[in-house]
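Following: one structure in structure tokens, then a few remarks.
Heavy-atom basis, side chains included; hydrogens, waters and symmetry copies ignored.
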Amino acid sequence: MKLRELAERLEANFTGNGDLEVNGIKDLEHHSSVDPNSIYYVASKKYLNKHKKAADVKIALTIDSLASSFPNAIIIPEEGSKVKFIQVISFFERKPNHLPSISQKASIHPSAKIGKNVTIMDFVVIQENVVIGDHVVLHPNVVIESNVEVGNDTEIKSGVVVYYNCKIGKRNLIHANTVIGADGFGFYDYGGIRYKVPQIGNVVIGDDVEMGAHCTVDRAALESTTIGNFTKFDDHVHVGHNCRVGNYVYIAGATVLAGSVTIEDGCFLAGQSAVAEHLTMKKGSILLGLSGLTEDSKEKTAYFGIPARPALEMHRIHTSLPMLPEIAKEHSKRKNKEN
């Protein structure tokens, strides 16, 4: 793609040689030398000064105040520059082109309703009364159990299992080996017998949701475990039964939500964090990595630690920790004198 063509697609101006070929986009942080035919995203003076290799960049995606630092540049607005960066990445993304088709090796129940322009690959299993929307892509070995609904433009990667009665919205992307709708962890011990509590609810997932690989979302005991619109999961996230996860939530890898947790809109849960059962993370709150929340959070407040406390409080506690040995020593001396 020529520099001129790339600028036109971005609806942006450029400086330098418009006929220069741009073969890809690369990152200054991960290469020993600069590729003269790749474009580099440099949108702040701090980033420019941090990387000495930036002086060798021949093609930059940059803001107006930095354009003169490069012989060839596509100039983008400083506000929202990251959106233009994302667009450039998408231009050079080389995903497999799956033409709509239904494999003869797939097993599809006659009662299933299949939408238009659907791709169903080898060894997919679709059980009775399933509804598959338009433009859905189901990769090999996906299992869709009975009475499931899958919305338009959703892509489900290999090995995903969607249990019966669950509902998946539009434009979702669900990565490999994720399981949606397995039984919640419900048991009751009485008289030396361990009873399994039937889990008769389901999972309802909104629109524009992405789930990483090896995630698990348990079905509700009676109602629905719900995931809101535009919520994004990293890999290895577990959502327990009866949870209610809101819109625009981020949940990073290896995070666990116990049963009946409510995560309100706009929350962020960092990696390897956990939320105890029946708690609520209020709107816009943050749980930092390796933290365990054991009480309801406050809105727009960051927490960390085990048990997690508001971040400002925990910083004061951590600052005091190095003083504890000396305090204990002084306390012991005073006690000995009193005795």
Side-chain angles (χ1 to χ4, degrees), residues 160-163 165-169 172-187 196-197 199-311:
V160 170
V161 178
V162 184
Y163 280 55
N165 299 337
C166 293
K167 297 182 179 181
I168 298 174
N172 282 319
L173 175 57
I174 300 173
H175 287 277
N177 298 312
T178 282
V179 176
I180 296 168
D183 282 357
F185 194 62
F187 298 91
K196 179 177 174 63
V197 180
Q199 306 289 293
I200 64 173
N202 69 348
V203 175
V204 177
I205 299 173
D207 299 335
D208 300 287
V209 172
E210 182 166 344
M211 293 185 181
H214 296 279
C215 293
T216 49
V217 183
D218 287 349
R219 67 195 312 107
L222 300 177
E223 305 293 339
S224 297
T225 300
T226 60
I227 311 296
N229 300 331
F230 291 99
T231 284
K232 311 297 182 182
F233 290 6
D234 195 357
D235 300 338
H236 297 281
V237 170
H238 174 69
V239 177
H241 64 177
N242 308 324
C243 286
R244 304 292 175 93
V245 179
N247 303 317
Y248 292 95
V249 172
Y250 280 117
I251 304 181
T255 291
V256 175
L257 306 184
S260 301
V261 164
T262 298
I263 307 294
E264 293 185 352
D265 296 350
C267 288
F268 186 103
L269 291 83
Q272 295 186 314
S273 58
V275 182
E277 66 275 5
H278 300 282
L279 296 184
T280 297
M281 278 189 70
K282 297 291 180 62
K283 191 176 294 186
S285 58
I286 298 169
L287 184 60
L288 300 180
L290 295 168
S291 297
L293 192 67
T294 57
E295 60 180 33
D296 292 351
S297 75
K298 297 178 182 177
E299 283 193 11
K300 298 180 181 179
T301 302
Y303 289 76
F304 78 90
I306 303 176
R309 305 292 303 162

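The shortest side-chain heavy-atom distance between F233 and V217 falls under the 4.5 Å cut-off. Residues N177 and V160 are not in side-chain contact: their nearest non-hydrogen atoms beyond the backbone lie 4.5 Å or more apart. With a 4.5 Å cut-off on side-chain heavy atoms, V261 and H278 do not count as touching. Contact check for I180 versus V161: no side-chain heavy atoms found under the 4.5 Å cut-off. Between V203 and K167, every side-chain heavy-atom pair lies at or beyond the 4.5 Å cut-off. The shortest side-chain heavy-atom distance between F230 and V209 does not fall under the 4.5 Å cut-off. With a 4.5 Å cut-off on side-chain heavy atoms, M281 and I286 do not count as touching.
Sorted by first and then second residue, the salt bridge (charged side-chain N to carboxylate O under 4.0 Å, His left out) pairs involving residues 222-250 (not counting sequence neighbours) form an empty list. Annotation: salt bridge (charged side-chain N to carboxylate O under 4.0 Å, His left out) contacts involving residues 205-219, sequence neighbours excluded, comprise R171-D208. Pairs of residues two or more places apart, or lying in two chains, that qualify as salt bridge (charged side-chain N to carboxylate O under 4.0 Å, His left out) and include a residue from residues 175-185 are D183-K196. For residues 290-302, the set of pairs meeting the salt bridge (charged side-chain N to carboxylate O under 4.0 Å, His left out) definition, not counting sequence neighbours, comprises E295-R309.
Residues H241 and T225 have side chains that never bring a donor and an acceptor to within less than 3.5 angstrom of each other.
Atoms CD1 and OG1, from I306 and T294 in turn, are 10.0 Å apart once rounded to the nearest 0.5 Å. Separating the CG atom in N242 from the OG1 atom in T262 is a distance of 9.5 Å, to the nearest 0.5 Å. Rounding to the nearest 0.5 Å gives a distance of 10.5 Å between OG of S260 and CG of L279.
What you find for A258 and C243 is that their closest heavy atoms are O-SG, 3.0 Å. In plain terms, the two heavy atoms of H236 and C215 that are nearest each other are N-SG, 3.9 Å. Across all non-hydrogen atoms, the minimal contact from Y303 to L293 is CD2-CD1, 4.1 Å. Closest heavy-atom contact between H238 and T216: ND1-OG1, 2.7 Å. Across all their heavy atoms, H175 and A213 have their closest contact at CB-N, 3.5 Å.
Although no hydrogens or angles enter the test, the distance criterion places a donor-acceptor pair under 3.5 Å between the side chain of T231 and the main chain of V249. T226 contributes no side-chain N or O that, together with a main-chain N or O of I205, makes up a donor-acceptor pair within less than 3.5 Å. Side chain of N202 to backbone of N165: a donor-acceptor contact under 3.5 angstrom is found.
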Atom pairs and distances, side-chain donor-acceptor, residues 263-274, under 3.5 Å, sequence neighbours left out:
| residue | atom | partner | partner atom | Å |
| --- | --- | --- | --- | --- |
| E264 | OE1 | K283 | N | 2.9 |
| D265 | OD1 | N247 | N | 2.8 |
| S273 | OG | T255 | OG1 | 3.2 |
| S273 | OG | A270 | O | 2.7 |

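Under the rule for a side-chain contact (heavy atoms from CB on, under 4.5 Å), the partners of F304 that lie at least two apart in sequence or sit in another chain are L288, S291, A311, M314, H315, H318.
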Original post:
For V179 and Y163, what are the C-alpha separation, side-chain angles and deciding distance, and is it a side-chain contact (heavy atoms from CB on, under 4.5 Å)?
Top reply: CA-CA 8 Å; V179 176; Y163 280 55; 3.5 Å; yes
